[in-house]
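Some notes on the structure that comes next.
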Amino acid sequence: MDDRYAFREIEARWQTYWEENRTFATPDDSDKPKFYTLEMFPYPSGAGLSVGHGKNYLPNDAFCRYKAMQGFNVLHPMGWDAFGQPAENEAIKRGRNPREMVPEYAANYRRTLKRLGASYDWSREVNSSTPDYYRWTQWFFLLLYKRGLAYRSTAPINWCPSCKTGLANEEVKEGRCWRCDSAVEKRPLPQWYFNILQYADRLLADLDLVNWPEGTKQMQREWIGRSEGAEVNFAVNGSTESIRVFTTRPDTLWGATFLVLAPEHPLVAEVTTPEQAEAVEAYVQRAAATADMDRLNAERSKSGVPTGATALNPVTGQDIPIWIADYVLMGYGTGAIMAVPAHDQRDFEFARKFDLPIELVYSTPEGPQTGGEMTEAAPHDGVMREFTPSPMSQAPKSPFAGRPNSKETVRDVVRWMAEQGIVEQKVNFKLRDWLISRQRYWGAPIPMVHCPECGEVPVPEGQLPVLLPEVDRYEPSGTGESPLATIEEFVNTSCPKCGSDARRETDTMGGFACSSWYFLRFVDPHNSTEFASREKLDKWLPVDLYTGGAEHAVMHLLYARFWTKVMYDAGLLGFVEPFTQLRHQGSLLAYTPGRKPRGSEADGDTVLDWIVLKPEERAGFPKDQIAWRWTRMSKSKGNVVSPDEMCEQFGADSLRLYEMFVAPFEDNVQWSEDGIHGAHRFINRAWRWIVRALPQYSAKWRSSSASYNDADKKIRRKLHQTIIKVGEDLEGFRFNTAISALMELVNDLYLYRPLDGGGAQTPAVLSEAAETLTLLLAPFTPHMADELWSRMGHKGTTYTAAWPVGDTQVAAEDEVTLVVQVNGKVRDRITVASDASEEAIKQLALDCEKVREALEGKTVRQVIVVPKRLVNVVAA
RNA sequence: GCCCAGGUGGUGGAAUGGCAGACACAAGGGACUUAAAAUCCCUCGCGGCAACGCAUGCGGGUUCAAGUCCCGCCCUGGGCACCA
């Protein structure tokens with residue numbers, strides 16, 4: 001048909017127009033209120049942008065356009081998370097030099113985003129791997145160093161044998177590398193850390209300040225893992241040493257019948273008796289060899305050996321044995337525990353296995369009275385027994401006999417024990433310091449120098465950036481040193497302090513350093529004297545709305561919060577939380593071929609039950625052994641659907657509309673092309689209706705003195721209801737229902753005025769409807785909207801047009817249809833004026849023939865009238 | 001094991017405690033067409049000729065009224081997992 005929407009031509013035209021007119025460039029000097037929104041920046045890969053990215057970018061783009069039309073000065077930038085493991089692994093896989101690959105791939109992403117009609121201000125584009133960017137990443141490293149928040153330490157770290165680098169705790173998921181799923185190992189290496197632990201309390205408390213999904217906040221709370229308790233010293237018999245333990249249940253100290261040290265505990269060798277030395281040594285060796293993943297498996301049965309030593313329980317005066325066991329972790333608390341088998345399940349299992357005494361601190365009259373009668377630990381039951389200190393003990397008699405096993409008792413006991421000097425109150429966190437060193441090439445070099453005279457010396461700010469040298473071969477070595485260590489010209493330098501020969505630090509920073517501040521750079525991306533001017537930071541930040549995947553809950557989102565707080569403390573920023581509101585988009589899932597793992601791949605206790613078949617593997621793979629599954633689209637799985645194909649076939653507006661309509665923003669979606677036909681059809685339907693109305697369109701419809709007939713009133717009611725509904729839905733990020741409201745409107749418009757031009761013909765109404773519909777569509781299908789807007793004779797684009805205002809008077813229904821129920825079952829319907837009185841409605845309902853039939857032989861007990869909804873006649 | 005989401009037609013999904021299935025997709029039938037595409041019309045939860053009855057993972061409960069609230073299960077997805 002001649003009036004089909006010519007999307008190829010029209011989309012290209014408006015994309016050119018927007019570019020040439022810098023439609024989306026954001027001025028810094030506008031009087032309008034600011035709105036800063038951001039999608040998590042992607043790393044550019046060779047597979048290009050996927051329709052999966054669109055599930056995040058497209059709805060937020062529609063939201064930006066809506067905000068702009070509402071009169072906000074919208075900042076909507078885009079950049080590239082170009083440094084770090086993801087980008088480097090991609091380069092390795094493709095045998096490319098990342099230095100050349102990244103700009104090429106980024107250009108392809110940018111091209112695709114423009115093709116989707118995304119409203120980014122490209123003049124603010126940043127790339128974290130360029131020297132003018134990473135100069136400031138290094139500057140922030142030095143800031144942390146100066147503030148005592150960056151330090152070097154040697155400890156067993158998480159090592160990915162495939163990526164050949166150390167990983168932060170947050171980058172280990174179920175014992176596997178976040179990038180390649182390899183089982184991580186332990187390796188002792190000297191590494192740089194950021195002291196995020198020092199900010200643990202504030203990271204926890206300030207979660208209350210942000211509008212984030214509750215689940216994500218909860219994940220951060222659990223990751224931080226704050227735990228209040230106390231530390232207790234146990235004097236080792238026949239030694240001057242004492243063993244300090246952390247416990248959250250000091251009230252059960254009376255039931256501590258043995259101590260357990262982690263195998264790595266520094267006092268193990270010290271306290272072990274000669275008779276036990278051999279067994280202990282063997283156990284320590286075995287524990288060191290056991291993969292961390294296995295050690296963390298709670299299902300495993302307990303193991304351990306006695307050291308032969310004993311310690312004094314400070315409240316009972318008893319000597320209790322000291323054991324070592326791998327269920328105690330060196331990395332948490334003091335690396336030693338007091339075991340209370342009666343009230344802790346882990347200790348109970350251990351005591352049973354090795355026949356250690358179990359002493360009850362709390363008991364119930366009907367429950368077990370001795371440890372021997374217990375079948376499991378009782379952490380929360382009973383009342384406290386009486387404890388009389390032995391003559392050996394310095395401690396006074398317990399005043400808590402009879403108290404219930406409750407939080408209040410714990411609190412009171414801790415206070416009392418602290419007063420007695422038995423314990424010291426203490427808070428512990430599960431959070432560990434952030435390991436930032438990577439033994440990899442593709443990252444920001446850590447700006448430190450190791451001088452034989454002065455020790456570690458920071459590179460002076462004036463010498464930044466420490467440039468990443470250009471190399472031919474950059475693959476990780478696996479030696480525990482980064483490839484930079486072999487580049488003499490890079491390594492050899494002079495000490496900034498004393499001038500003697502010195503070596504540069506050769507590790508680079510993990511990519512999460514770059515992404516911990518990129519949202520600041522967008523406000524002043526070309527500043528060469530500061531990371532961003534304070535004036536612009538104050539104007540734009542914090543980010544009002546941030547969207548991205550939930551998988552970053554304890555990685556990027558935690559790190560960025562930490563850096564923000566450090567910068568606040570340094571007086572660089574005036575806010576403590578970077579992202580006021582956060583939303584997570586759902587993923588697009590692709591139907592992906594896979595196979596069962598082979599024997600060697602199902603290692604450890606974490607069972608991988610399915611492995612993706614890479615496209616190259618699939619060719620020769622027996623068809624009947626392929627197991628198909630829905631998995632997230634990702635370039636590593638080779639199951640990416642390109643938006644280019646969709647734009648070619650259906651147009652960007654169709655793809656935009658479809659990705660927003662198919663499901664709620666947060667939901668995962670099984671990708672299929674089926675639904676996009678519907679979106680495409682709708683666009684044509686809307687286009688055709690508006691185009692046919694254009695001959696009668698007048699931009700001056702507002703001042704028309706036309707009187708409205710019933711059909712006019714009805715369609716205007718629907719129109720204004722839709723304006724209100726779409727606005728509300730957009731505010732709530734409910735793109736799918738906003739679009740369905742627009743579809744309803746278009747369906748009604750066809751009833752008002754069919755394509756053949758019959759039906760009602762009030763030009764003012766046609767004009768109002770055509771114009772309003774165009775503007776309501778603009779956030780979703782901006783190319784079509786701008787084309788229609790210009791055909792209506794308006795200058796410029798819908799991006800700068802005003803969002804329609806819904807008139808509640810016009811939208812109000814004058815009549816409503818009520819459902820009439822008898823005992824909850826629908827029997828009839830009545831139509832009444834919307835302001836009808838409750839009495840009148842009751843009477844009408846009772847007069848219905850169907851109602852009278854249903855009431856035959858019954859007595860009406862009650863009539864419930866729900867305004868604008870229903871009438872329920874209760875009868876018996 | 002613990003913590004979060006979630007379970008609604010053939011499919012995606014919609015429903016401030018108030019008509020379950022809006023809006024779409026797919027399917028079937030029809031119109032137009034030489035034909036196809038496009039477009040338009042009709043049908044479309046299950047059972048029943050119908051009146052009606054039954055239906056929101058399962059079992060209870062609260063309520064005049066439950067997909068929605070409460071209790072107990074089952075299943076799926078995500079996160080955490082010997083953190084003392």
Side-chain angles (χ1 to χ4, degrees), chain A residues 1 4 173-175 213-219 221-223 225-227 229 245-249 252 260 262 295-300 302 325-329 331-340 343-347 349-350 428-432 550-551 553-554 584 587 589 630 657-658 661-664 666-670 672-679 681-682 684-685 688 734 736-747 750 754-756 817-829 853 861-876:
Chain A
M1 211 183 275
R4 285 203 73 188
K173 305 285 168 185
E174 293 181 35
E214 205 41 56
T216 303
K217 290 203 220 179
Q218 198 51 36
M219 276 170 68
R221 286 190 192 106
E222 284 168 13
W223 188 260
R226 187 177 197 274
S227 155
V245 306
F246 173 73
T247 177
T248 54
R249 293 296 303 268
T252 62
V260 186
R295 261 187 77 169
L296 284 170
N297 180 6
E299 312 293 309
R300 219 164 51 111
K302 301 271 182 296
D326 66 5
Y327 82 93
V328 176
L329 308 173
Y332 184 77
T334 61
I337 62 154
M338 63 178 213
V340 184
H343 304 295
D344 182 286
Q345 187 59 25
R346 297 154 302 185
D347 299 341
E349 285 165 23
F350 195 81
N428 253 313
F429 296 93
K430 283 196 225 178
L431 185 69
R432 301 269 65 95
E551 67 274 14
V554 291
H584 298 304
S587 306
L589 309 178
W630 289 101
L657 197 77
Y658 172 58
F661 177 66
V662 67
E666 294 81 6
D667 283 16
N668 289 340
V669 172
Q670 300 181 346
S672 126
E673 279 179 35
D674 289 345
I676 200 171
H677 293 280
R681 211 168 335 201
F682 169 72
N684 273 296
R685 229 166 111 73
R688 205 172 289 131
R734 292 182 298 269
N736 57 331
T737 50
I739 291 167
S740 77
L742 289 167
M743 289 173 165
E744 283 185 42
L745 173 62
V746 170
N747 289 344
Y750 271 84
L755 278 193
D756 62 17
T817 299
L818 301 182
V819 164
V820 184
Q821 299 180 332
V822 176
N823 289 333
K825 293 201 192 284
V826 181
R827 295 299 165 186
D828 209 343
R829 272 155 239 272
E853 279 170 30
R861 302 269 187 226
Q862 199 185 349
V863 180
I864 290 154
V865 177
V866 182
K868 310 205 170 169
R869 296 277 177 183
L870 55 63
V871 184
N872 190 9
V873 181
V874 185

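The shown structure was predicted, so the numbers you read here are calculated from the model rather than taken from an experiment.
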Which is true for A:Arg734 with a 4.0 Å heavy-atom rule: it touches a base, it touches only sugar-phosphate, or it touches nothing?
nothing
Nearest whole Å is fine: how far is B:A51 C1' from A:Asp828 CG?
15 Å
Restricting to non-hydrogen atoms, name the atom on A:Lys868 and the atom on A:Leu818 that form the minimum distance, rounded to 0.1 Å.
C-CD2, 3.5 Å
G-U wobble or Watson-Crick pairing nucleotide for B:G18 (cut-off 3.5 Å, both distances)
B:C64
Whole Å only: how far is the CE atom of A:Met219 from the P atom of B:G77?
17 Å
Write down the distance between CZ (A:Arg869) and P (B:A20), rounded to a whole number of angstrom.
13 Å
Among B:G12, B:A65, B:C82, which nucleotide sits nearest the side chain of A:Asn872?
B:A65
Result for 5'-nearest mapping on RNA chain B, choosing between A:Val874 and A:Glu214, is A:Glu214
If pairing requires Watson-Crick or G-U wobble contacts with both distances under 3.5 Å, which nucleotide is the partner of B:G53?
B:C46
Where the side chain of A:Glu222 is concerned, which of B:C40, B:G18, B:C3 is the nearest nucleotide?
B:C3
Nearest heavy-atom pair of A:Pro213 and A:His584: which atoms, and what distance?
CG-CD2, 3.6 Å
If B:G1 has a Watson-Crick or G-U wobble mate with both distances under 3.5 Å, name it; if not, just say none.
B:C80
Can you check B:G28 for me, syn or anti if syn means within 90° of 0?
anti
For B:G9, what is the paired nucleotide under Watson-Crick or G-U wobble rules, both distances under 3.5 Å?
none
Would you indicate which nucleotide in B:G13, B:C82, B:G53 comes nearest to any side-chain atom of A:Lys302?
B:C82
With no hydrogens and no angle check, do the side chains of A:Tyr327 and A:Asp347 hold a donor and an acceptor under 3.5 Å apart?
yes
My understanding is that a pair needs two contacts under 3.5 Å, Watson-Crick or G-U wobble. By that rule, which nucleotide pairs with B:G59?
B:C71
Which whole-number value in Å describes the distance from A:Met743 CE to B:A14 P?
14 Å
When all nucleic acid strands are considered with a 4.0 Å heavy-atom cut-off, which category describes A:Phe661: base, sugar-phosphate, or nothing?
base
Separation of A:Gln218 atom CD from B:C80 atom C1', in whole Å?
11 Å
Would you indicate what A:Asn747 reaches in the nucleic acid, counting non-hydrogen atoms under 4.0 angstrom: base, sugar-phosphate, or nothing?
sugar-phosphate
Report which part of the nucleic acid A:Gly225 touches: base, sugar-phosphate, or nothing (heavy-atom distance under 4.0 Å, all strands).
nothing
Can a donor-acceptor pair under 3.5 Å be found between the side-chain atoms of A:Asp674 and the base atoms of B:C25?
no
Among B:G18, B:A14, B:A84, the nucleotide that comes nearest once only the side chain of A:Ile864 is considered
B:G18
Students often get this wrong, so: under 4.0 angstrom with heavy atoms, is A:Asn736 touching a base, only sugar-phosphate, or nothing?
sugar-phosphate
Can you measure A:Asn684 atom CG to B:A37 atom C1' for me and round it to whole angstrom units?
13 Å
Touch class at under 4.0 angstrom, heavy-atom based, for A:Lys825 against every strand present:
sugar-phosphate
When rounded to the nearest 0.5 angstrom, what is the spacing between CZ in A:Arg869 and CD in A:Gln821?
12.5 Å
Using whole Å, report how far CH2 of A:Trp223 lies from C1' of B:C4.
16 Å
So which one's nearest nucleotide on RNA chain B is more toward 5', A:Val826 or A:Asp347?
A:Val826
